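Just so it is clear, the model here is predicted, and its values are computed rather than measured.
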Amino acid sequence: MVTRLQVKVKTFFIETQEMSENSEQNPTNQGLNSQEQTRRNPLVSLLGVLVSLEALLVTAGAVYFLSRIFLETPENLSGAFVIFAITLIIAAGLISTAIGTFKAKPWTRGAILTWQIMQFVVATSFIQGILAWQPVGWVLILFSVGTAVLLFTRPVISAMTAEK
């Protein structure tokens, strides 16, 4: 008497063998199906580069906050560490979003849009604040608007959505 588990295990091994035979017959495929191969798009790569650059800048900001803790005596040490930790968490999220963007994962679109909105808010506060920080604010606005516009172009939408 054959159990369901034995049938499933046998089916699994047969499918695995068929997949390995198919990959041997088509060595240029290297395990990627045709849907994943068509997702390679230069605009998605550009979006990944922009998000990676933003992640790098936020990581640099976290390092800056950490250096300020040790180079200056903060009025509130625990608050300084909290700001550093929050900035580090945001940087880690952006790094994972950038990696997901290069892989054209659909979930990254929402994360990218959320970050662009947050970045736009921070940029407007830079513009309204100290005169020396206004150029930084304008650069951040250009990044956020440019990335958001790129996010809603037809090639990026079709490459990053799960439905084809």
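Here F65 contributes atom CZ and I83 contributes atom CD1; the two are 6.5 Å apart, rounded to the nearest 0.5 Å. F120 CZ to L140 CG: the interatomic distance, rounded to the nearest 0.5 Å, is 11.0 Å. Note: E72 CD to S67 OG = 8.5 Å, rounded to the nearest 0.5 Å. Note that OG1 of T101 is 5.5 Å distant from CG of L47, once rounded to the nearest 0.5 Å. In this structure, CG in L151 is found 6.0 Å from CG in L113, a value given to the nearest 0.5 Å.
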task: Could you walk me through whether R109 and F152 pass the side-chain contact (heavy atoms from CB on, under 4.5 Å) test, one step at a time?
output: CA-CA 9 Å; R109 294 185 69 234; F152 289 104; 3.7 Å; yes

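Counting heavy atoms from C-beta outward, T59 and I95 have side chains that approach closer than 4.5 Å. In this structure, E54 and Q116 have side chains that are in contact, with non-hydrogen atoms separated by less than 4.5 Å. Taking the side chain as every heavy atom from C-beta outward, W115 and T97 never approach each other to under 4.5 Å. W133 has its side chain out of reach of I127: every pair of non-hydrogen atoms, C-beta onward, lies at least 4.5 Å apart.
For the residue pair V44 and A159, the shortest heavy atom distance occurs at CG2-CB, 3.7 Å. A pairwise comparison of heavy atoms in M160 and T108 identifies CE-OG1, 2.7 Å as the closest pair. For G48 against F102, the heavy-atom pair with the smallest separation is C-CZ, 3.4 Å. Across all their heavy atoms, I141 and A123 have their closest contact at CG1-CB, 3.4 Å. Contact between V51 and L94 at its shortest, heavy atoms only, is CG1-O, 3.9 Å. Minimum heavy-atom separation, V156 to L43: CG2-CB, 3.7 Å.
In the hydrophobic cluster analysis, where Ile, Leu, Val, Met, Phe, Trp and Tyr join through side-chain heavy atoms closer than 4.5 angstrom, L46 is grouped together with I112. Residues I90 and I69 fall into different hydrophobic clusters, defined by Ile, Leu, Val, Met, Phe, Trp and Tyr side chains chained together at heavy-atom separations under 4.5 Å. When hydrophobic clusters are built by joining Ile, Leu, Val, Met, Phe, Trp and Tyr residues whose side-chain heavy atoms come closer than 4.5 Å, directly or via intermediates, V49 is not grouped with V149. In the hydrophobic clustering of this structure, L77 does not group with V63; members are Ile, Leu, Val, Met, Phe, Trp, Tyr whose side-chain heavy atoms approach within less than 4.5 Å, directly or through other members. Residue I86 is grouped with residue I117 when hydrophobic side chains (ILVMFWY) are merged at heavy-atom distances under 4.5 angstrom, including chains of intermediate members.
Counting only distance, with no hydrogens or angles, the side chain of T147 and the backbone of S144 share no donor-acceptor pair below 3.5 Å. Remark: side-chain polar atoms of Q119 are not paired, donor with acceptor, to backbone N or O of F143 under 3.5 angstrom.
More than 12 heavy atoms of other residues, nucleotides or ligands shown are found within 6.0 angstrom of CH2 on W107.
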